[in-house]
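A short worksheet on the structure shown next.
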Protein chains: 2
Amino acid sequence: MRRSAILDAAEAVFAEHGYNGATLEEIAERAEFGKGTLYNYFPGGKEELYEVLFEERVVGGLSAVVEAALPDARSLATPDEARAAFHDFVSGLLHHFEANRSVLRLYISEAPRAFNDPDRMTMMVRLFEGFMVTVTRAIARAMDAGALRPMPALPVAHLLIGNVRGLLMAHIASDCLPAGIHELPPLVPDETADFITTVLFDGLLARD
Amino acid sequence: MRRSAILDAAEAVFAEHGYNGATLEEIAERAEFGKGTLYNYFPGGKEELYEVLFEERVVGGLSAVVEAALPDARSLATPDEARAAFHDFVSGLLHHFEANRSVLRLYISEAPRAFNDPDRMTMMVRLFEGFMVTVTRAIARAMDAGALRPMPALPVAHLLIGNVRGLLMAHIASDCLPAGIHELPPLVPDETADFITTVLFDGLLARD
DNA sequence: TCAAAAGGTGACCGGCGGGTCACTTTCGAA
DNA sequence: TTCGAAAGTGACCCGCCGGTCACCTTTTGA
């Protein structure tokens, strides 16, 4: 109870101000507890709080989405099956992040932090390994079955995830701007998933 | 002379430690000048130094690449022309960032910072506007000419840039890891540009 | 009812780093 | 050679915030 209230407040504050800009004071104030209490639940202080938050909410959310859309048991043998599955995956990601904007911000903000510290990067790679492996394996299965043409699967996974991240970042940016400037139409997860899936599967070239 | 030496040192230190982790002390030490001198060249202190660095090197670099590869004068009327032009663009980006890793890090690290402050976000949008407009216009021209099928051009631009960013981030991550762990093959800009262009133009689906 | 344990608290501490400024050095014109 | 201006310097200042701990409150169970 307390623990999750602390995590809720931390999620909001870290998302709003970033790791460095967030203060324990503000987190404590928002969740209505004293700063000292935090150390009962997270003895490692700010860093541990952030790590737990990241692992439980960011990595946990991504894992849930990928396991729902791309389980190893799902057949990806035909183009239509593959298209449907990856559409579900993209749509799941978009719905998840649409409903959890602050988790999205944590996700986007983490990469630069990891660049500055090999230990943190190692941990991040470990945390995301399961997610990346599942996505990559799904791509490889669809290729092996002949639904997708053979290519190195891992870079394709990076492209797919880069696509989703690119569009989401544009939407965060749009949200951050003062009203009226450079506004994007609101994110409609299913339409956006259609868009990404179509471009990714069929390509940009005009067809006869 | 002094000015650019300061910027060189700042580029290295900001790239290595991030904005918050970088200290003026270290920048000064690396470029062999006193901390006070910095305020002669950048009266606004750390923030101004970072902004100038970002505008001159990150935005400047991106603008140079896009203007070389996708000038308004370049014909994009046929699929082959469009493919060649966007290949040049992606290849240019990859070569540029391959040769300027610290600039790449600054670029990747900026987004989260902008999320936390509407003013900074507004400035970023303004700085990148020319770049985005040029890319988007090139895509729209290729669509109008029938080389690419008609779609909203701006989201396609976000996908394209997301693709490049996604692969580059994977490479930065790989570089940051202790030797031997999860290594990616080294980045070969032209091959990677082929890969991105092929996926983007032709799609992932197996063809007859 | 009470005492001990568990949980909670926020004033305080210390270091860290951005920014300042009185002083020194360098430069260039007379 | 001289002198005023410009450039350079780094010890110092000070606000900030993560972390601590002595104290207080609540819970538990006998």
Side-chain angles (χ1 to χ4, degrees), chain A residues 1-56 102 105-106 109-110 112-117 119-120 123, chain B residues 1-56 102 105-106 109-110 112-117 119-120 123:
Chain A
M1 200 67 269
R2 257 295 162 80
R3 193 186 124 99
S4 74
I6 295 176
L7 286 173
D8 287 345
E11 179 186 315
V13 176
F14 280 130
E16 188 173 338
H17 301 295
Y19 181 81
N20 286 290
T23 67
L24 300 183
E25 203 78 53
E26 186 178 349
I27 293 172
E29 193 178 343
R30 183 164 326 199
E32 296 176 328
F33 63 91
K35 193 164 51 147
T37 304
L38 196 147
Y39 288 84
N40 290 338
Y41 293 88
F42 305 94
K46 195 182 191 185
E47 186 64 32
E48 181 183 346
L49 177 58
Y50 188 84
E51 278 171 23
V52 169
L53 190 61
F54 196 84
E55 179 158 1
E56 290 190 7
S102 47
R105 286 204 190 191
L106 296 182
S109 303
E110 185 52 26
R113 258 169 59 77
F115 294 162
N116 306 328
D117 178 349
D119 289 343
R120 202 150 46 213
M123 194 179 64
Chain B
M1 201 66 268
R2 255 297 162 80
R3 193 185 125 99
S4 74
I6 294 177
L7 286 173
D8 288 343
E11 178 186 316
V13 175
F14 280 131
E16 187 173 339
H17 300 296
Y19 181 81
N20 286 289
T23 67
L24 300 183
E25 203 77 54
E26 187 178 348
I27 293 172
E29 193 179 344
R30 181 162 328 198
E32 296 176 328
F33 63 92
K35 193 165 52 147
T37 304
L38 195 147
Y39 288 84
N40 291 339
Y41 293 88
F42 305 94
K46 194 182 192 186
E47 186 64 31
E48 182 183 345
L49 177 58
Y50 188 84
E51 278 171 23
V52 169
L53 190 61
F54 196 85
E55 179 159 359
E56 290 191 6
S102 47
R105 287 204 189 191
L106 295 182
S109 303
E110 184 52 26
R113 256 169 60 77
F115 294 161
N116 305 328
D117 179 348
D119 290 342
R120 202 150 46 214
M123 194 180 64

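What you are looking at is a predicted structure, and each value in this text was computed from that prediction instead of being measured. Just so we're on the same page: letters track the sequence lines, and every chain starts at 1. Just so you know, these numbers use all the heavy atoms, side chains as well, and skip hydrogens, waters and symmetry mates.
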When you get a sec, tell me which of [options] is the closest nucleotide to the side chain of [X]?
X	options	value
B/K35	C/dT20, C/dG17, C/dG8	C/dT20
B/N40	D/dG8, C/dG19, D/dC17	D/dG8
A/Y39	C/dG17, D/dG19, D/dC17	D/dG19

Under-4.0 Å side-chain N/O to phosphate OP1/OP2 contact, [X] with [N]:
X	N	answer
A/R2	C/dT9	yes
A/K46	D/dG18	yes
B/T37	D/dA7	no
A/Y41	C/dG8	yes

Tell me, yes or no, whether the heavy-atom count around A/E25 atom CD, taken from other residues, nucleotides or ligands under 6.0 Å, exceeds 12.
no
Check this for me: A/E47, atom CD, are more than 12 non-hydrogen atoms of other residues, nucleotides or ligands nearer than 6.0 Å?
yes
When B/G34 and A/G45 are each assigned the nearest nucleotide of DNA chain D, the 5'-most assignment goes to B/G34
Assign each of A/G36 and A/L24 the nucleotide of DNA chain D bearing its closest heavy atom; nearer the 5' end lies the nucleotide of A/L24
Determine, for A/Y19 and A/R113, whether the Lys NZ or Arg CZ falls below 6.0 Å from the six-membered ring centre while staying within 45 degrees of the axis.
yes
Taking [atom1] from [X] and [atom2] from [N], how many angstroms apart are they, rounded to a whole number?
X	N	atom1	atom2	answer
A/E25	C/dA11	CD	P	9 Å
B/I27	D/dT9	CD1	C1'	17 Å
B/E26	C/dG18	CD	P	11 Å

Over all strands shown, is B/F42 touching base, sugar-phosphate only, or nothing at heavy-atom distances under 4.0 angstrom?
nothing
Regarding B/F33, tell me which of base, sugar-phosphate or nothing describes its non-hydrogen contacts under 4.0 Å with the strands shown.
sugar-phosphate
Nearest heavy-atom neighbours spanning B/S109 and A/F115
OG-CD1, 4.5 Å
